[in-house]
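The structure appears below as structure tokens.
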Protein chains: 2
Amino acid sequence: MIATELLEKYGALKKSFEKSEIIFEEGNLPTHYYQIISGEIKMSNYNDDGREFIQGIFYKGQSFGEPPLFLNQKYPANSIAVEDSEILLLPKSTFLKLLEENPAISIKIIENLAQRLYYKSVMAAEISTHEPEHRVLKLIDHGIAYFNFKKDVNGYLINFTRQQIGDLTGLRVETVIRAIKALEKKGELKIINRKVYR
Amino acid sequence: MIATELLEKYGALKKSFEKSEIIFEEGNLPTHYYQIISGEIKMSNYNDDGREFIQGIFYKGQSFGEPPLFLNQKYPANSIAVEDSEILLLPKSTFLKLLEENPAISIKIIENLAQRLYYKSVMAAEISTHEPEHRVLKLIDHGIAYFNFKKDVNGYLINFTRQQIGDLTGLRVETVIRAIKALEKKGELKIINRKVYR
DNA sequence: TGCGTTTTATGATTAAAATCATAAAACAAG
DNA sequence: CTTGTTTTATGATTTTAATCATAAAACGCA
């Protein structure tokens, strides 16, 4: 995350996106650096039958879509507002100038990319070699550490729908629902009026 | 890739690893920056039944294992020499000093991490939502662009074993063998005495 | 050059998750 | 409040890739 003031000093502009509005699409070339002021953004792919795979979900203060910006490659996924959101946009050329002139920011970017690579490594291994219950639990535990799950008396509230968990783990809703039930029976998590706690 | 001279200026040491020798293990804390002088390294995970998932394969000039180094996190995977290899090792603290004192290197690191994140994004979507043939072909096409596949009269020689393709795509050998046969029948690739060309 | 290991190969069977069908509960919007 | 949509839920069935079994070809190396 880059300080808002610094981004604005370089001319970043705030833009509002309504729920379900597309921010950029797979196959397009990147033009801006994006940093969320408020709201929630998801990046995802759709296969030929319309089945979705969610690459990641991003919240306030987080940036997204940088890799293709650094590589001059097309976006490998779509990005869409999950709820009404405000985003700071900085054109590519100015963003690169900002980086050059502020070396400390580079370290921030590196740490951020490293974090995302770490998540992808863990989840890739999960999706490839583990059963549904294991995958779901791993995603939940990662979420507790890195998504903004809130803790209350029942534990951490996992504020993802079963469908989202499925799209993040490569499983179908029904499989996720069954896995969560099984995990509850094993005492790994709690279901309190349909909400999942851990 | 960081220039060898620069790494050596900061005290990097060359170390040899024999085929099958472990470089670092999952769960350990990172201590060094690693850059390959010669040979081939793979990073992979093993699940409880010993099933492998290959995170990536790295060759001459490439670095590996940086993300946990920047995050002070444990390695999420093992790294092992696929063949006899020589690697330059630079201790973490010196490496961070090198970065601070050479801002241009940060950009290189960013581009490298961005590239790897890009690969992981593409493969994650593949593994989650596509059939075996599609996955195998995607991996092969990525390999042509980013691994060191050589082109000859028959096309690009895909110098991965069926097992490796399976471990990179989350498929079993038999499934890979059948997928490759089917892809040959469809004319997507060639099999010339057991070797795959595209 | 012989022998153990790895790689490719193929057919039969099984298991696991996807798919299909259906519905109740909860939520959101007018 | 009512109504349409989303989310959670469950049971039955199907499909697909994994598993199991077996073997030939190729390779590595002593």
Side-chain angles (χ1 to χ4, degrees), chain A residues 18-20 40 42 47-54 80-84 126-137 139-140 157-185 189-197, chain B residues 18-20 40 42 47-54 80-84 126-137 139-140 157-185 189-197:
Chain A
E18 284 180 23
K19 181 177 177 174
S20 303
E40 183 180 340
K42 82 172 171 194
N47 76 359
D48 306 331
D49 337 314
R51 183 162 172 198
E52 183 175 13
F53 174 73
I54 301 179
I80 191 169
V82 176
E83 48 184 58
D84 289 357
E126 275 299 314
I127 289 172
S128 298
T129 59
H130 287 96
E131 335 72 77
E133 289 175 36
H134 201 279
R135 289 197 216 179
V136 168
L137 209 54
L139 176 77
I140 286 175
L157 168 63
I158 312 307
N159 67 335
F160 280 155
T161 64
R162 313 303 197 252
Q163 182 65 62
Q164 284 179 315
I165 294 175
D167 292 342
L168 283 158
T169 55
L171 297 167
R172 314 255 52 178
V173 218
E174 299 94 322
T175 306
V176 172
I177 289 168
R178 286 165 187 144
I180 287 177
K181 292 253 147 128
L183 286 167
E184 188 202 22
K185 199 160 282 175
L189 38 79
K190 277 176 269 183
I191 305 177
I192 298 166
N193 57 38
R194 303 171 143 215
K195 296 193 186 312
V196 179
Y197 291 88
Chain B
E18 286 181 21
K19 182 178 174 171
S20 302
E40 184 180 338
K42 82 171 170 194
N47 75 358
D48 305 330
D49 338 314
R51 182 162 174 198
E52 185 175 12
F53 174 73
I54 301 178
I80 190 169
V82 176
E83 48 183 58
D84 290 357
E126 276 298 313
I127 289 173
S128 299
T129 59
H130 287 95
E131 335 72 78
E133 288 175 38
H134 200 280
R135 290 196 216 178
V136 168
L137 209 53
L139 175 77
I140 286 175
L157 169 62
I158 312 307
N159 67 335
F160 281 154
T161 65
R162 313 298 196 254
Q163 181 65 63
Q164 283 179 316
I165 293 174
D167 293 342
L168 283 158
T169 54
L171 297 167
R172 315 256 52 180
V173 217
E174 298 95 323
T175 305
V176 173
I177 288 168
R178 285 165 188 145
I180 287 177
K181 293 253 147 133
L183 286 167
E184 189 203 22
K185 198 160 283 175
L189 36 79
K190 279 177 268 183
I191 305 177
I192 297 166
N193 58 37
R194 300 172 145 215
K195 294 190 189 312
V196 179
Y197 291 88

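Here is the naming used below: chain letters follow the sequence lines, and residue numbers restart at 1 for every chain.
- Look at A/Arg162 and you'll find a side-chain N or O under 4.0 angstrom from OP1 or OP2 of D/dT8.
- Residues satisfying the side chain to side chain contact (heavy atoms under 4.5 Å, CB included) criterion with B/Asp84, sequence neighbours excluded, are B/Glu18, B/Lys19.
- Within the structure, salt bridge (Lys or Arg N to Asp or Glu O under 4.0 Å) pairs that include any residue of residues 168-182 of chain B do not occur (at least two apart or interchain).
- With rounding to whole Å, B/Glu184 atom CD is found 14 Å from C/dT8 atom P.
- Judged purely by atom type and a 3.5 angstrom limit, B/Arg135 uses its side chain to pair as donor or acceptor with the backbone of B/Thr169.
- Residue A/Thr161 places no side-chain N or O under 4.0 Å from the OP1 or OP2 atom of D/dT7.
- Among the protein residues, A/Gly170 comes within range of the sugar-phosphate backbone only, with heavy atoms under 4.0 Å from sugar or phosphate atoms but none that close to a base.
- The distance between atom CD of A/Glu52 and atom P of D/dT6, rounded to the nearest whole Å, is 13 Å.
- To the nearest 0.5 Å, atom OH of residue A/Tyr197 and atom CG of residue A/Leu189 are 12.5 Å apart.
- The side-chain hydrogen bond (donor to acceptor under 3.5 Å, both in side chains) check on A/Gln164 picks up nothing, with sequence neighbours excluded.
- The distance from atom NE2 of B/His130 to atom P of C/dA18 is 15 Å, rounded to the nearest whole Å.
- Between the two ends of the helix from C/dT1-D/dA30 to C/dG30-D/dC1, each summarised by a five-pair axis, the helix axis turns through 70° (rounded to 10 degrees).
- A straight line from CD1 of A/Ile192 to P of D/dT8 spans 15 Å, rounded to a whole angstrom.
- Atom CD in A/Glu83 sits about 12 Å away from atom P in C/dA29, given to the nearest Å.
- By the salt bridge (charged side-chain N to carboxylate O under 4.0 Å, His left out) test, A/Glu133 is found to be paired with A/Lys186, residues two or more places apart in sequence or in another chain being considered.
- Residue-to-nucleotide proximity on DNA chain D shows that, of B/Leu171 and B/Lys19, the 5′-proximal contact is made by B/Leu171.
- With rounding to whole Å, A/His134 atom NE2 is found 13 Å from C/dA17 atom P.
- Taking the side chain to side chain contact (heavy atoms under 4.5 Å, CB included) definition, one finds that B/Ser128 meets it with A/Phe53, A/Ile127, sequence neighbours left out.
- Side-chain nitrogen and oxygen atoms of A/Lys195 include none within less than 4.0 Å of the OP1 or OP2 phosphate oxygen of D/dT7.
- Not counting sequence neighbours, the partners of A/Gln163 by the side-chain hydrogen bond (donor to acceptor under 3.5 Å, both in side chains) test are A/Asp167.
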Could I get a table of every N or O pair under 3.5 Å where one atom is in the protein and the other is in nucleotides 20-26 of chain D?
{"residue": "D/dC20", "atom": "N4", "partner": "B/Glu174", "partner atom": "OE2", "Å": "3.1"}

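- From A/Ile191, atom CD1 reaches atom NZ of A/Lys185 across 10.0 Å, with rounding to the nearest 0.5 Å.
- Checking the phosphate oxygens (OP1, OP2) of C/dA18, a side-chain nitrogen or oxygen of A/Thr175 falls inside 4.0 Å.
- Atom CD1 of A/Ile158 is separated from atom P of D/dT8 by 13 Å (rounded to the nearest Å).
- In this entry the distance linking CG of A/Leu183 with P of D/dA9 reads 13 Å, nearest Å.
- The side-chain hydrogen bond (donor to acceptor under 3.5 Å, both in side chains) check on B/Glu52 picks up B/Lys42, B/Ser44, B/Tyr46, with sequence neighbours excluded.
- Along DNA chain D, the nucleotide nearest A/Ile191 and the nucleotide nearest B/Pro132 are compared for position; the residue whose nucleotide lies closer to the 5' end is A/Ile191.
- Side-chain proximity of B/Arg172 to D/dA18, D/dT10, C/dT19: nearest is D/dA18.
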